[in-house]
Amino acid sequence: MHFESPDIDELIDDFASRGLVVLGPEQLGVAKELHERIYEQEKAAFAAKRYITTSLIPDVLEVLKAPGVVAACDALVGESWAIVPFTHNAPFVSGGRDQHWHKDDNGPYNARRHRHHHAVQIEMLYYPQAVAEDMGPTATVPYSQYWTFNHEENHDNFAGADHLDFAYQLSGMETHPASGPRSRYATDDIVHRRTEHDRRMRDAVEALEWPLNRPWEAAPLQAGSIVIYSHNLIHRGNHRRDDWRTWKDNPRFMWRFWLYRTTEPKGEAAAWQVPGQDRLTGVARTDAPADLREVWRHQSHWLRTGHAPSPATDTADPKELARRLRHKEDRAEPVRIGAAYRLAATSDTAMAARILGDALRHERENVRRAAVYGLAALGTPATDTLLDATKSPVKWVRKAGAFGLGEAGALRADVREALIACLHQDPSVYVRSVAADALGCFGRRAVAAGAGAELVPPILAALVESLGREENRLAMDRAQKRSIKLVRPTDESDVCEGIGIDYQVPRYAPVRSVVRENALGATVTLCSHGATLAGHALEPLIDRLTQIVREERNVFCVGLAMDALARLAHLHRTPAEPVATMRLRTELPSILAASPIICWDALGRVGLSPRAANDAQRTPEVPFLKQARAKA
């Protein structure tokens, strides 16, 4: 077996700039026969119309443990990274239809959250078979991850996946096959990209006028290749252009996993310079404007150290940067964001905080968005500005303040208490959900700074209290009888809480709660640092998580609770560990067995598997996921 370890420095700089990296099969550290075996098993399951997961094809778990995969993901989202359970951890088959360009949300299935610029969540795609250029390779827009669109009062983007051309959805064009036996296009036009679908895709990207942005398709790829990209990157599912009569015997599969950070970066700074020619996409990165270069500089440094870089030698007039923060239209998003980062990089932090704080209260969402990213990049000097924002009468400003405090607020008790107040008291579901996520980020940073024992136990207690109060609701697509792309806010929730999924398992129901899910995601993050850190909150935390696994009807909450318990039981064992942890380790297999489905891809991150759990505890094997019939 030939193994070429990924070049971590190159990986970080490519991800910080391009937002996407590719690992060839030789960089994974597993035998090529593994990919062949997975592909043949998947073909058989697909032909039999089985519901395909890692429980059905556990060999995929070996890919997730591959040395090259772990090294790359450790570099991009930190050690002890977690996998979002029960979501897109299943294969996608390419065919005749096109998705339009969009950004995925950073949470389970369409639940709207605030997008992190820092590498807090990534997506990983695995292709067990080779992907030729005409087999529907994943289409992306590299360098697009730092720019996005309004959604707070733009209901076209209410449901999490921000769209480039929402009229594509409204016109029904996504339902019309671009290729295959029911396509209305001539074969020659399909092969040479001359269809109306092709034109619509090209025009949507070109109309943005964002620097360096142009479409790129992930092909050709060897069998066993992995694509890792920012959850903020614009991308889409792509149609096949080869002979449709070969599709059945030559399916193109893709597995997708959502990964998220539980630990801070802890490497050393490296001398930064503008990356050179992009060998993957051919883009000349030296042509990037100053705005974009400053964003790259910050993100590259943060990915290595967890901190902002030293002030830049930027001679731009602060008044001009303040004016640029207020530029209008989507095409000016890079200008607004770039101005915010350049303000954050000045040596006069008080001036930067004042200018960005003024922008944070602007009536336009895209100005507020740029401001909060600038304040997050500024770091602790932004703390008072962000604390003040959490007291605003405008919920969108409170949401931004909570997000910024999680990203960069000073590691102080008053900051923690402000976030807890937002979680427990804010009337907006959106603000409460952002506060829950921010508490996880704040706690993660506190642990890295050595302040975890002081600051984290009250956070865990607050999360447990929130989980005892927040309720699941029938998912908006079910309640409103609409596509998830067309749902709207309600009196109960001012944020999309996601599509309803129960996996045809009677125990579960199509219910969601973005606050519960964010609170549990934060809990997974904090539990990744060991049970001792929980202090007085440990036993109530274990009791609450166990209750969720045994009784909850929201499958995503159950998966997150499973992962949190597994991390408490199996990470950071110490000779003097709490009795509650030892008891949990013994009881965990029976707790997991309370659910008819198990998220083994997530639990595998702490070394658990069906066989390992059975052998270690000598209990009946925890059942695999029920094999539901896939839709034809």
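- Closest heavy-atom contact between Ala436 and Val515: CB-O, 4.3 Å.
- Annotation: His116 is in aromatic contact with Phe403 [ring centroid separation under 6.0 Å].
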Go through Thr523 and Leu560 one step at a time and tell me if the side-chain contact (heavy atoms from CB on, under 4.5 Å) criterion holds. CA-CA 8 Å; Thr523 302; Leu560 290 163; over 6 Å; no

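- Of the possible donor and acceptor atoms, none in the side chain of Ser466 sits under 3.5 Å from a partner among the backbone N and O of Ala462.
- A heavy-atom distance below 4.5 Å is not found between the side chains of Cys599 and Asp563.
- Distance alone, capped at 3.5 Å, places no donor-acceptor pair between the Thr380 side chain and the Ala410 backbone.
- Geometric assessment of Arg297 against the ring of Trp272 yields a negative cation-pi assignment under the 6.0 Å and 45° thresholds.
- Here the straight-line distance linking atom CD1 of Ile355 with atom CG of Leu343 works out to 5.0 Å at 0.5 Å rounding.
- Looking at His529, its side chain does come within 3.5 Å of a backbone N or O of Thr262 through a donor-acceptor pair.
- The residues Glu268 and Arg304 are annotated as not salt-bridged, no charged nitrogen and carboxylate oxygen being separated by less than 4.0 angstrom.
- Partner of Glu152 under the salt bridge (Lys or Arg N to Asp or Glu O under 4.0 Å) criterion, chosen from Arg369, Arg398, Arg368: Arg368.
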Could you walk me through whether Asp291 and Ile337 pass the side-chain contact (heavy atoms from CB on, under 4.5 Å) check? CA-CA 8 Å; Asp291 291 337; Ile337 299 291; over 6 Å; no

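- Residues His163 and Phe149 place their aromatic rings such that the two centres sit no closer than 6.0 Å.
- Between His572 and Arg567, the closest side-chain pair of non-hydrogen atoms is not below 4.5 Å.
- Taking 4.5 Å as the limit, every side-chain heavy atom of Arg214 sits out of range of all side-chain heavy atoms of Val141.
- From Leu303, atom CG reaches atom CZ of Phe15 across 7.0 Å, with rounding to the nearest 0.5 Å.
- No hydrogens or angles considered: nothing links the side chains of Asp165 and Trp101 as a donor-acceptor pair under 3.5 Å.
- In this structure a side-chain-to-backbone donor-acceptor pair under 3.5 Å is missing from Glu333 to Trp147.
- When ring centroids are compared, Phe158 and His151 stay outside the 6.0 Å threshold.
- Within the 4.5 Å cutoff, side-chain heavy atoms of Arg112 are placed close to those of Tyr430.
- The closest side-chain heavy-atom distance from Tyr146 to Asn232 is not below 4.5 Å.
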Go through the steps to decide whether Tyr143 and Arg285 satisfy the test side-chain contact (heavy atoms from CB on, under 4.5 Å), and finish with yes or no. CA-CA 10 Å; Tyr143 303 98; Arg285 287 183 281 201; 3.2 Å; yes

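- No donor-acceptor distance shorter than 3.5 angstrom exists from the side chain of His327 to the backbone of Val335, with no hydrogens or angles considered.
- A salt bridge between Lys485 and Asp156 is absent, with no side-chain N of the basic residue lying under 4.0 Å from a carboxylate O of the acidic one.
- Here the shortest heavy-atom pairing between Leu360 and Ala400 reads CD1-CB, 3.7 Å.
- Cation-pi geometry between Arg256 and Tyr126 is not met: the NZ or CZ atom fails to fall both under 6.0 Å from the ring centre and inside 45° of the normal.
- Looking at Tyr341 and His117, their side chains do bring a donor and an acceptor atom within 3.5 Å of each other.
- Taking the charged nitrogens against the carboxylate oxygens, Arg445 and Glu264 have no contact shorter than 4.0 Å, which rules out a salt bridge.
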Show the numbers, then the answer: is there a side-chain contact (heavy atoms from CB on, under 4.5 Å) between Asp14 and Leu280? CA-CA 10 Å; Asp14 281 344; Leu280 185 66; over 6 Å; no

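- In this structure, Arg331 is not positioned above the aromatic face of Trp210 in the sense of NZ or CZ being under 6.0 Å from the six-membered ring centre and within 45° of the axis.
- Note on Asp384 versus Arg412: salt bridge recorded, some NZ/NE/NH1/NH2 to OD/OE distance being below 4.0 Å.
- Ring centroid separation for the pair His298 and His307 does not come in under the 6.0 Å cut-off.
- In summary, the side chains of Asn238 and Glu217 do present a donor paired with an acceptor at a separation below 3.5 Å, with no hydrogens or angles considered.
- With Arg432 contributing its side chain and Cys422 its backbone, the two residues share no donor-acceptor pair below 3.5 Å.
- The main-chain N or O of Val456 is never found under 3.5 Å from a side-chain atom of Arg416 such that the two would form a donor-acceptor pair.
- Shown here is Glu454, whose CD atom has no more than 12 heavy atoms of other residues, nucleotides or ligands within 6.0 Å.
- The two atoms that bring Ala16 and Trp296 nearest to each other are O-CD1, 3.5 Å, heavy atoms only.
- Residues Ile226 and Leu125 have side chains not in contact (no heavy-atom distance under 4.5 Å, counting atoms from C-beta outward).
- Between the Arg261 side chain and the Leu76 main chain, a donor and an acceptor come within less than 3.5 Å of each other.
- Using a 4.5 Å heavy-atom cutoff, the side chains of Asp104 and Glu123 are in contact.
- Below 30°, between 30° and 60°, or above 60°: for Tyr109 and Phe556 the angle between ring planes is between 30° and 60°, a tilted geometry.
- Between the side chain of Thr138 and the backbone N or O of Ala218, no donor-acceptor pair lies under 3.5 Å.
- Side chain to side chain, Asn213 and Ser144 fail the donor-acceptor criterion of an N or O pair below 3.5 Å.
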Taking it one step at a time, do Asp162 and Arg115 satisfy salt bridge (charged side-chain N to carboxylate O under 4.0 Å, His left out)? CA-CA 11 Å; Asp162 296 335; Arg115 296 187 180 278; 3.1 Å; yes

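- In this model, no donor atom of one side chain and acceptor atom of the other lie less than 3.5 Å apart for Asn518 and Arg516.
- Looking at Arg293, its side chain never comes within 3.5 Å of a backbone N or O of Val274 through a donor-acceptor pair.
- For the pair Asp278 and Arg18, the salt-bridge criterion is met [side-chain N within less than 4.0 Å of a carboxylate O].
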